[in-house]
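Take a look at the structure below.
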Amino acid sequence: MIYRNLRFALNSAWQSFWRNLAVSMAAVLSITLILILAGINLLVGHAFSQVLDGFRAKVSEISINVADGTPLQSVYDFQQQLSTDPRVSGVRFITKDEALVQFKADPNNLVLAQQIEGNPLDAKLEVRVTRLDDVAAIDTLARRWPGVDPTNPTNYQGDFVNRMLELSSWLGVAGVGLLAILVVVSIVIVMNTIRTAVYHRRKEIEVMKLVGATEWFVRGPFVIEGVMTGLIAAAFALALLVIAYEPAVDRFRSDVAFIPLSYDPAFVASLARDLLVGGALLGALGSYIGVRRYVRL
Amino acid sequence: MIYRNLRFALNSAWQSFWRNLAVSMAAVLSITLILILAGINLLVGHAFSQVLDGFRAKVSEISINVADGTPLQSVYDFQQQLSTDPRVSGVRFITKDEALVQFKADPNNLVLAQQIEGNPLDAKLEVRVTRLDDVAAIDTLARRWPGVDPTNPTNYQGDFVNRMLELSSWLGVAGVGLLAILVVVSIVIVMNTIRTAVYHRRKEIEVMKLVGATEWFVRGPFVIEGVMTGLIAAAFALALLVIAYEPAVDRFRSDVAFIPLSYDPAFVASLARDLLVGGALLGALGSYIGVRRYVRL
Amino acid sequence: MRYTARDLATRALRRGPSQQETHLMVLTPDFDTRPVISFQHVWKTYPTGTEALRDVNLVVPEGDFVFLVGPSGAGKSTLVRLLIREEKPTKGKIFVDGIELGRMKRRQLPKYRRKVGLVFQDFKLLPNLTVYENVAFALRVHGEAEHTIHSRAAEALDTVGLAGKENSLPANLSGGEQQRVAIARALVHAPRFIIADEPTGNLDPATAWEIMQLFLRINARGATVVMATHNREIVDLLRRRVVAIDAGQVARDDRSGRYHDDLSKSQIRAQ
Amino acid sequence: MRYTARDLATRALRRGPSQQETHLMVLTPDFDTRPVISFQHVWKTYPTGTEALRDVNLVVPEGDFVFLVGPSGAGKSTLVRLLIREEKPTKGKIFVDGIELGRMKRRQLPKYRRKVGLVFQDFKLLPNLTVYENVAFALRVHGEAEHTIHSRAAEALDTVGLAGKENSLPANLSGGEQQRVAIARALVHAPRFIIADEPTGNLDPATAWEIMQLFLRINARGATVVMATHNREIVDLLRRRVVAIDAGQVARDDRSGRYHDDLSKSQIRAQ
Ligand SMILES: Nc1ncnc2c1ncn2[C@@H]1O[C@H](COP(=O)(O)OP(=O)(O)OP(=O)(O)O)[C@@H](O)[C@H]1O
Ligand SMILES: Nc1ncnc2c1ncn2[C@@H]1O[C@H](COP(=O)(O)OP(=O)(O)OP(=O)(O)O)[C@@H](O)[C@H]1O
Ligand SMILES: [Mg+2]
Ligand SMILES: [Mg+2]
């Protein structure tokens, strides 16, 4: 009996979908567009986190300039102190000579390199800090170290990093906010689409009830139709996103070369899962809420 | 007669709006949400352009470090050369002493300042460049000047500015793309909402035509209802945005202090105009397209 | 049996008025002999494949009063739908007032339909408009002034016995009341043609009879009336022209007919 | 005049079968004396303020066949709507099968309605389902197996003369055909009660008569039938119980009645 009812619900959802094709396609189109937006959001979020990881890695390195004439033992001691610090993941010592080689190797410095007499460059300690938040503390530590070059102590741009941190946390909040708005918008729109459809079929629902159908018998086909609509929309959205994903990444990479965005095929699978599940849930919830009001006896 | 028809269309749009309140409110809600997104887009765009203007002003300043021992005459000549350059809007000379005063005034350098003996700082030329794109050229010019300090020639971070330029042009394109998608989405959704409503009223439309109504007589009320829906939605969206605008700006300013976002009451008027006109057009176009198919005799 | 315009001209003379008809005869007009409606070899096949009409020929002179009778599914409503160009014939031609309906431009259609008063089998009221507004709608499409609309709609509703229900929505009316709203809407603009499909199906005999009087009165003022009906009592009592449709064909066309021809009637009774 | 269960018990004896009724009498069952439907001082006022029923009392024994007659807007459909709990009475109680409808739980309603076969004045077919599916729907809510559904629905459609129209949508049927689909749906699950509102309004006399035979046959098998109708011919011919409603009140309740009582009938004829 439950099997029979389920089969009936499936059948009649299917038929209703095709018989009201205009309305069905309207719903599919709306949901598709919303899921595309959601998908873009997920993709951009993923790309952003990829890029941010790279950025964090870069900014969480600081180099400490060592004043000329600092005893080597003092530098080693400080290097030792830093490398045992739990906040630091690595320290590398670069001698004055190494620094000069690096400087001359940079084609930007071609003209300047010829003017240099002797070696005006500092030796430096390159420190890799584990957490971005701790870079400021390490910088303070370095500036208190007597061996630091007072005119040009570190390459740490406190302001800049702090600003980036502020901004990125704000962007994070804004991103979550936008996602929340998008979710609310999509649920409301799906609910509206389906509620409108159901509103205009309330006479039909009334007739079904008059003929003795139970509430779930009436609801079933509507909910299944909603799930169907959601899945079809998700499939469309997914197809478009998958087609557009790789070219968009390529394009971005060639335009904005310095951001290490990469095409991530593994992410497509998780995107597919999210979109299909999301579409089905959206459809089911939308029709359930849409139909509930009119199904009450 | 035209006046009578118009009055009838207005009346019947009004009545239909209230009698199908469920459907009307569904449409209003959808459009409101879309207009809120569009409004946020406009507001963020406005804020972004405000901030970008500030940012451009800042980044388009570079300071050129003068090597110790450079004859003052040479510095004045170079300053002269720069200030007659059409790309430059201003040059200021800062002596070694002034630089030291500035350095000591910065609380970040408290510890270091005590260790300093003599004045290890460079004198510098602060140059304000008119167009951001030209900063790189000025930097190259400076590095070729013999009086520049070879170890630390300018504070110009070519990479950084170039990247910012790349990124901001990409963000510009992406923003326009997003706006385009949003516009398409909203038109489609409004069209769908209204088409769904009209689809379910096609019997009614048929009846009107059987009683001898002309196409425009049938269409009129629907189009007006669409405009009404759009205007009401725009009013809601506008109210919410206006209420949220100032607190959001305040909040942002206190969290991300360095970005000079400011509350701009003048922008509210232009926002109101855009939203109301947009809502009305959206509603009118949506219902016109939605109703067209069924009104054909 | 074909029914020609000339037959009509002599109709009043030839028919001996029965006792029951006496008070109706007063209202019966002299007939103009111009045929205002004519069907010429009309076929109608629906997209589903149903042959609803097959080679129908029919001439209706101005001022005539025609009953369309026939079993359920015979094609009566289809004939009505063709007459108001809700459907187009698959083959053949239909002339109304000298215009061929198949050739009529889309833009002329509203004007044509305003000349016609229509009562549908399924009422076709506008569910979102009140009773008053439904009736007024037929006047609004004419672009009448508000005060004209008001007085004429009120009068029409009064005539069908619905004074007091003006502000009800159709959904809040009984079946017979809805039917009467449909009738009021069809009559309110005093149309030249009245085409009514089963206008008394949901009415009790007394109300049905009153409504028939109304149609007769309007016919007496010169309007041509075509009415599909199953009401044997009324058809047999009025003895007007009866066109019987069966399986899409004109089976009978009697100048002063009854619902059943005498043969089939006795068969039914014997059941 | 009140009509009691005891009256019914002696009904077959007292009534001298007329010639026309002979072949029907064979089908008439002995009446069980248990009252299955009873209205006790029932009032119904719609939210619009219309007093549709005023102090209605009515007892229907099991297996009875009741005609509800009365002018348009009298309250017949309202009485039917109360009986299937589409509406609740404003005052008073309605018992069906020993259960008070007003006290019935929301969850019990579907089960109750499945016992009833309903024909509505406006058909209430499901517009998106084919004719076959509309009829099958009444069996599906019972959870019948697919092959049972198929054979019973096909049989019911055949009985009302719609074999061949199974796959049409209601919108593509004539008025009378839609009415017959509604009748087939009401009868297909052999319900214990049949409540029919104007089931022959859109049918020609011959078809109407066939459908009535069907109702009589089902009544003969023990089902209780309540039928609102305007069909004077059929009511007068069958001479069953007639309950006349007028302005929301029971005006007459005759054991073997006619459409009009003798007084009013002559009045109508004289019009
Ligand atoms: N849903 C409703 N809301 C308000 N009033 C209603 C509603 N349904 C019916 N009425 C009113 O109640 C009265 C009785 O209506 P009902 O439908 O019971 O009449 P009826 O006897 O079935 O008439 P008919 O023979 O024309 O079908 C009428 O005056 C009608 O206008
Ligand atoms: N829109 C349609 N599409 C397909 N078939 C149709 C359509 N309308 C009617 N039919 C079929 O055409 C035939 C004639 O229908 P029509 O409505 O003209 O009958 P009718 O004489 O008015 O019957 P009734 O007395 O029952 O109203 C029927 O067999 C019907 O099923
Ligand atoms: Mg018909
Ligand atoms: Mg009724």
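Naming: A, B, ... by sequence-line order, numbering from 1 per chain.
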Could you tell me which of [options] has the largest number of non-hydrogen atom pairs under 4.5 Å with chain C?
options: D:N202, D:T207, D:V69; result: D:N202
options: D:G201, D:G73, D:S72; result: D:S72
options: D:R180, D:K76, D:E198; result: D:R180

Practice task
Give a yes or no answer on whether the side chain of D:D204 reaches the backbone of C:H230 with a donor-acceptor pair at less than 3.5 Å.
Solution key: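 Judged by distance alone, no pair lies under 3.5 Å.
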Practice task
Output the residues of residues 160-178 of chain D for which the shortest heavy-atom distance to chain C is under 4.5 Å, in residue-number order; output 'none' if no such residue exists.
Solution key: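 Against chain C, the residues of residues 160-178 of chain D that fall inside the cut-off (heavy atoms, under 4.5 Å) are D:K165, D:N172, D:S174, D:G175, D:G176, D:E177.
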Exercise for the section: Using side chain to side chain contact (heavy atoms under 4.5 Å, CB included) as the criterion, list what pairs up with C:D197, not counting sequence neighbours. Expected result: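 C:S77, C:Q121, C:A228.
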